Amino acid sequence: IEERFSRERPVLCFDYRGHGESEFPRDLHGLTMEANADDGARVLDASGHERAILLGHSMGCQVIYTFAHRRPRRSAMLA
């Protein structure tokens with residue numbers, strides 16, 4: 001998906017806490033959907049984007065649902 005759409009518009013991807021290339025957190029209580037959604041907002045902030053089309057797969061679906069629930073104005077669409 002990143003390869004296909006990044007030619008037309010910015011595509012932002014990030015690894016959840018303790019997943020992929022992110023560091024394993026010292027505090028396991030921080031491994032929540034809310035924390036992942038907040039991290040997604042930080043990624044948007046760092047990239048200078050106010051809104052995004054959110055795409056999730058597997059656990060990512062719950063992350064984007066949580067993001068959209070907490071920040072409806074920043075969620076252009078869920079996929």
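Values below: every heavy atom of this structure, side chains too, minus hydrogens, waters and symmetry copies. No experiment lies behind these values; they were computed from the predicted model shown. One is the number of the first residue; the rest follow in order along the sequence.
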Minimum heavy-atom distance between [X] and [Y], given as atom pair plus value:
{"X": "Ser22", "Y": "Gly18", "answer": "OG-N, 2.9 Å"}
{"X": "Ala35", "Y": "Gly30", "answer": "CB-O, 3.2 Å"}
{"X": "Leu44", "Y": "Ala52", "answer": "CD2-CB, 3.8 Å"}

Quick one: hydrophobic cluster around Phe24, which other residues, with the 4.5 Å side-chain cut-off, linked directly or via members?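 Direct or chained contacts put Phe24 with Leu28, Leu31.
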If hydrophobic residues (ILVMFWY) are linked whenever their side-chain heavy atoms come closer than 4.5 Å, directly or via other members, who joins Met77 in its cluster?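 Members besides Met77, by chain and number: Ile53.
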Phe67 and Val43: same hydrophobic cluster, using ILVMFWY side-chain contacts below 4.5 Å?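 Yes, Phe67 and Val43 fall within the same hydrophobic cluster.
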His49 atom NE2: more than 12 heavy-atom contacts under 6.0 Å: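 More than 12 heavy atoms, drawn from other residues, nucleotides or ligands, come within 6.0 Å of this atom.
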Could I get the full list of side-chain hydrogen bond (donor to acceptor under 3.5 Å, both in side chains) partners for His57, not counting sequence neighbours?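 Checked His57 against side-chain hydrogen bond (donor to acceptor under 3.5 Å, both in side chains); zero matches.
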Contacts of Gln62 that satisfy side-chain hydrogen bond (donor to acceptor under 3.5 Å, both in side chains) - sequence neighbours left out: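 side-chain hydrogen bond (donor to acceptor under 3.5 Å, both in side chains) list for Gln62, sorted by chain: Thr66.
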The criterion is side chain to side chain contact (heavy atoms under 4.5 Å, CB included); which residues satisfy it with [X], sequence neighbours excluded?
{"X": "Glu23", "value": "none"}
{"X": "Ser6", "value": "Val11"}
{"X": "Met59", "value": "Tyr16, His19, Met33, Asn36"}
{"X": "Leu78", "value": "Leu54, Ile64, Tyr65, Ala68"}

Pair listing, salt bridge (charged side-chain N to carboxylate O under 4.0 Å, His left out) test, anchored in [range], at least two apart:
{"range": "residues 53-72", "value": "Asp38-Arg70, Asp38-Arg71"}
{"range": "residues 53-66", "value": "none"}
{"range": "residues 49-59", "value": "Glu50-Arg74"}
{"range": "residues 1-19", "value": "Arg4-Glu8, Arg17-Asp39"}

